[in-house]
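Each chain gets a letter, A, B and so on, in the order its sequence line appears, and its residues count up from 1. These numbers were taken from a predicted model, which means no experiment stands behind them.
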Amino acid sequence: MKIVLSVVSLALCATVWAQHENHNMPGGDPKAWRMPPHDYPMPPLPGIATAVPIVGPFLARMDADDISQFPEARPGEIVGISDGETLVMRASIVRRTINGSTFLMYGYNGQYPGPLIKAERGATIIVELVNEIEMPTTVHWHGLRLDNRFDGVPNVTQPAVQPGERFTYEVHFPDTGIYWYHPHVREDIQQDLGLYGNLLVTPPETDYYNPVNKERALILDDILMDDLGLFPWGDRAATHALMGRFGNVMLVNGAPGYELSVERGEVVRFYLTNVANSRTFNVVFGEARVKLVGSDVSKYEREEWVESVVLAPAERYIVEVLFDEPGDIEIVNSIQAIDDFMGEFHPHTDLLGTVHVAGTRVAESYAEVFGELREHEDVKADIGAFRQYFDKPVDHSLELTLAIENLPMQLVQAMQFEAGLYAPPIEWNDAMPMMNWLSSAEQIHWKLRDPDTGKENMDIEWSFEVGDVVKIRIYNNPETIHPMNHPFHVHGQRFLVIELDGVPNGNLVWKDTAIVPVGTTMDILVDITNPGEWMAHCHIAEHLHAGMMMTFTVTEP
Amino acid sequence: MQVFLALFVVAASASAAERPSSPWSVPFGFGGAVCSGTTSTALPDLPSSYYGVEMVPTKRVQGTGNGVGFGKVTFSSSPFGVAVSPSGIYMVDITMALRRIKKPKKGFLTAWATKDDLSETTRLGVLDDDFRISGKAAWNKFLLVVSLEPTDEPTGKWSGPIVMRGMSRSGMMHTLAGHGPYQAEPCAKYGF
């Protein structure tokens, strides 16, 4: 009996050791797997305490022994560009130092973030992409209703651009506002490593926006680090497929600790973009008064005072902020985090940046204009033409759900226990870091499901004609084994969120991305204007790579 | 290079064809099986009731012991779709409706929302003749309470007997200690 027990014990040890093989302990190899950082202490999952994902670890240029050979990245620059001009954008390896750790990341033109491209509405520019990173890439021009050939979706609108190769994009700017660009190949890695930047489309009208003293584009992001540097990504498939990869270091414009100096009484217009893989932000500008002006593809019908700004991944919001009192105003992400093990909420804030307000009054103050809330008649007129369609029958439906396979039993047990209890409408933090990390895109299959046909994801076949106005009902099924919020993004078109859970939206704005909280039903009205084969998908990078995407076709009538 | 492409490219071809064909018939399986949630053939009637509050009678007030009721919970109006406070707490609208109860001969059926530890309470108001009431709440976890009050004057907290009560879905959140994979983990160690 003792011999049998010993053999069994040896076999168990061998299994555990095999799991432990790449499970690097602190002080070890930064290129190996190790336990991901936790916001809250949590005992390791019994039986799989040393497990690692079924995919291998990936870092930028893991083969490089000497990272000093790579250029140090520099802060992003503003590039004003006119109709017909050409910009060369090189996606390349750069060296970054964040919170005292130095490592390799990616950058466009050696910058973090990529250059802020500023062009006037109606312009068309040429962007020559040069791929100097070690994996295929593309550029997707998020939110732009441009020519389908240049939408940057590999194997749908173009072949992926191989390392060392180039691709020429014609980028057209039909709508005023703030947009952004990013790869559509392994976004979970490439975007997280720094391949993103803003597109600021300026209006020809001088009174399109309110007068302000300053304009600033703030790109919000987070990145996952530990004492060894960047926490590795999955090589052949994304890790963190259940909840998406949350970072633990907050970045504004690619770096921690954003700072801005203003004089007392200044009004600043901020263009906010969330480029995080999964995190939804709740941004608070201290006690300063905040006016909401616009979102993804337009201004709102009317301006509103807001106390915080909720941004899901890929969403943009335009706000104006009055800094009327001297002192430091902290810009924070303010959430109710969940400690999954304890089953508790915890108030939590992350410092994003600080605005230093001087005691001296600004020479020209726009505080009086700021105090008024404008009705945007141009937007109301534009949207007004679509009100006749608000009550039309639903044209198509989507159910947001998932399937899992071959996950460790302990993960399934934990999810089963929680599934019947409570899933929050939004996952504001990674409440279960180890379980999330162990779930790869090979084991999690997030689904857009058409209940009318039973088809899912890329098997869905929807066809429209230019001029159609399409009502789509999206239901985020809470009765799955792991419900989660999904920021739903439609390429190449614009849409209105007309109802959430049957409640009409009282202040409309054109969107290209909208978050669908758990358990909710969202009705969107899509303005079909742009021919081609277009993507629609969840913009949590890991959910996208776990299958949560579809295409639809738009033809000329 | 072909292999490299296959590893990294998000492609239409990297599609559901490689995925399990029809997982819906296998609810919550284990091991190598595909697991999924329940999936209806059609979408449910609006609105979703997932975050709704089921009202349960206390049987302490005559004519209400067989009562049933539901507090419909939707996000308060917000330009972001999701309504949260500056501290990140969900702000919700509540529409409560009770059935199978009789109007008491004396007193007023009054609805309240209260934080789970009862430290804060909001009076939603007196139920109308159809036993309906609407109001708002903004706590991580909350209770809905219907009490029989001697007066319809606004007060800070109920004084009469509780007729029905229910808990927000978030109130069901529970420690993993002692459950599922942590079954052997003593919950007393964590203060439970």
Side-chain angles (χ1 to χ4, degrees), chain A residues 43 45-46 135-136 154-156 160 184-186 236 282 284 292 304 307-308 310 334-336 341-343 345 347 397 401 403-406 409-410 412-414 416-417 421-422 426 445 451 456-459 473 475 477-481 497 500-503 506-507 514-515 517 519-521, chain B residues 1 4-5 7-13 15-16 19-20 23 28 30-44 46-48 50-51 74-75 77-82 84-90 93 140-141 169-177 179-182 184-185 190:
Chain A
L45 272 167
M135 66 174 78
N155 293 358
V156 175
H184 226 291
V185 179
R186 285 305 296 269
R236 67 174 190 269
N282 183 39
V284 178
L292 180 65
E304 286 190 44
E307 293 184 299
S308 64
V310 178
S334 175
I335 62 168
Q336 297 292 311
F341 179 75
M342 295 295 282
F345 290 97
S397 298
T401 182
I404 63 174
E405 63 176 324
N406 295 326
M409 176 78 79
Q410 292 85 344
V412 178
Q413 286 177 329
Q416 281 183 313
F417 172 69
L421 298 178
Y422 172 68
I426 306 288
H445 309 299
E456 296 169 351
N457 293 339
M458 297 301 283
D459 289 339
R473 176 162 294 176
Y475 170 57
N477 188 349
E479 306 292 348
T480 69
I481 194 167
V497 177
L500 191 65
D501 278 341
V503 180
N507 190 10
I515 191 158
T520 59
T521 302
Chain B
M1 185 55 76
F4 201 66
L5 251 183
L7 294 181
F8 284 109
V9 176
V10 177
S13 55
S15 70
R19 308 269 162 78
F28 295 161
F30 283 101
V34 174
C35 308
S36 72
T38 54
T39 300
S40 56
T41 53
L43 299 187
L46 291 174
S48 161
Y50 181 73
Y51 294 108
T74 54
F75 286 116
S77 173
S78 164
F80 309 109
V82 180
V84 295
S85 71
S87 62
I89 294 174
Y90 297 108
D93 291 345
N140 284 329
K141 300 177 182 180
R169 182 93 193 192
S170 52
M172 295 172 72
M173 199 161 61
H174 195 77
T175 180
L176 273 163
H179 301 282
Y182 291 102
E185 195 75 23
Y190 300 94

Could you pull out the closest heavy-atom pair between A:L421 and B:Y50, with the gap in Å?
-> O-OH, 4.2 Å

Please report the shortest heavy-atom distance between A:M342 and B:Y190, naming the atom on each side.
-> CE-O, 3.5 Å

What part of A:I335 gets closer than 4.5 Å to chain B, counting heavy atoms only: side chain, backbone, both or neither?
-> backbone

So which of B:M173, B:K141, B:M172 has the biggest tally of heavy-atom pairs under 4.5 Å with chain A?
-> B:M173

With a 4.5 angstrom heavy-atom cut-off, which part of B:S77 approaches chain A: side chain, backbone, both or neither?
-> neither

Note: A:F341 and B:T175 closest approach over all heavy atoms is O-OG1, 2.8 Å

Check each atom of A:E304 against the heavy atoms of chain B and say whether the ones under 4.5 Å are side chain, backbone, both or neither.
-> side chain

Given the options B:G180, B:G88, B:S87, which has more heavy-atom pairs under 4.5 Å with chain A than any of the others?
-> B:S87

A:F417, part contacting chain B, at a heavy-atom distance under 4.5 Å = side chain

Please determine, by modelled atom types, if A:N282 and A:S308 share a side-chain donor-acceptor pair under 3.5 angstrom.
-> yes

With a 4.5 angstrom heavy-atom cut-off, could you sort out which part of A:N507 is near chain B: side chain, backbone, both or neither?
-> neither

Turns out that what part of A:P517 lies under 4.5 Å from chain B's heavy atoms comes down to side chain

Partners meeting ring pair (Phe, Tyr, Trp, His ring centres under 6.0 Å) with B:F80 (sequence neighbours left out) | A:Y317

If only atom types and distance count, is the side chain of A:E307 paired as donor or acceptor with the main-chain N or O of B:S85 below 3.5 Å?
-> no

Chain B interface, residue from A:A414, A:G506, A:S334 that has the most non-hydrogen pairs under 4.5 Å = A:S334

Please tell me if the side chains of B:P86 and A:V284 come closer than 4.5 Å, counting only heavy atoms from C-beta onward.
-> yes

Interchain contact, A:V497 with chain B, by part (heavy-atom threshold 4.5 Å) = neither

